[in-house]
Amino acid sequence: MDVSPPSTKRVAPAERPPINPAGPSRVLLAAPRGYCAGVDRAVETVEHALDLYGEPVYVRKEIVHNKHVVEQLQRRGAIFVEETAEIPEGEKVVFSAHGVAPSVHENAAKRQLRTIDATCPLVTKVHVEARKFAEQGYTVILIGHEGHEEVEGTMGEAPANTVLVQTEAEVETLEVADPDRTAYITQTTLSVDETGVIIEALKKKFPKITGPKTDDICYATTNRQMAVKDLARKCELVLVIGSINSSNSNRLVEVAREHGARSHLIDNHLQVDEAWLNGVKTVGITSGASAPEELVERLVTYFRDRGASEVSELRTVDEDVRFMLPSEIRRDLAAASG
Ligand code: SF4
């Protein structure tokens, strides 16, 4: 266990809220938590684009699923739109970490937009698999959540050959053109355990089904779920910092609950309900892959100010993954530095 406490900003004593004697005396932080390499890259991409090209820089959809991050970038001059049709011709647009369907690239080209693609390389990997399986004549079974941007983008690679499956029950009723020619792929931010169950059901139903060489659920999702399992066993309450539309954050809440803790998803410390804290001795904190660390720090401060005297970290696995910035940004950064 790494016991180094995070740096926290203290509020002036006069502003401090009263100590809740029934609140937790101990705060345990999951590690790893928060930003993954794909989110880091996507946020840096927009920041560099603003520095290099100036305002406006358009971003199709939320660059990552976090309200706080989106608002910060908006303040710096990024303009978030739902579709490329909203962007004036010839302007610059960044595609989000969740990836886009080929049709989005085509529409952007028609409008002569200058595109910077911040799709996470691990999402691109799934797109490549979808295309490859479809070209080989397989029905592609995508395990994922309907309406999620990543799912829309992946399905767009081979819409006529792809079917979406969300639950084990849906496997039962699934019908495909040729049961001997099926392949599965998955959204990157699903529950590892639930997805395993769905894959097993698919293998039972389609014994010849094929799949990706390595898991599609990404390292960051897997590691954060592993860490929250450990955390949930040691805490009565686990708070997950993340936005409501963040798939991986919602999964962390589910995993914490499945492993014995009460758990809530919150955007920030202002959403903590004091009633949750009654009788809690140890509160666990983690954050989704798109939630910045400063939100964790503010939550730790919130608990310190209410009497928590021990803050430590529960490290489950070390991460050192980094992705290179998109080629357009690397090229223009190199040109700018001369
Ligand atoms: S959660 Fe995984 S797939 Fe999504 S951006 Fe992060 S590393 Fe990439």
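No experiment lies behind these values; they were computed from the predicted model shown. Atoms within each ligand, like the ligands themselves, are counted from 1 in listed order.
Closest to atom 4 (Fe) of ligand 1, if we only count protein heavy atoms, is T188 OG1, 4.0 Å. Of the protein's non-hydrogen atoms, C36 SG, 3.6 Å is the one closest to atom 7 (S) of ligand 1. Ranking protein heavy atoms by distance to atom 2 (Fe) of ligand 1, first place goes to C218 SG, 2.3 Å.
With a cut-off of 2.8 Å, atom 6 (Fe) of ligand 1 has no N, O or S atom of C120 in range.
Shown are E149, R60, H65; of these, the side chain to side chain contact (heavy atoms under 4.5 Å, CB included) with S96 is made only by E149.
For the residue pair T162 / E157, no side-chain donor-acceptor distance below 3.5 Å is found, with atom types taken as modelled.
Transitive grouping of hydrophobic side chains (ILVMFWY, heavy atoms separated by less than 4.5 Å) keeps V100 and V94 in distinct clusters.
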D332 and R114: CA distance, side-chain angles, deciding distance, salt bridge (Lys or Arg N to Asp or Glu O under 4.0 Å) verdict: CA-CA 13 Å; D332 293 345; R114 195 166 150 202; 3.1 Å; yes

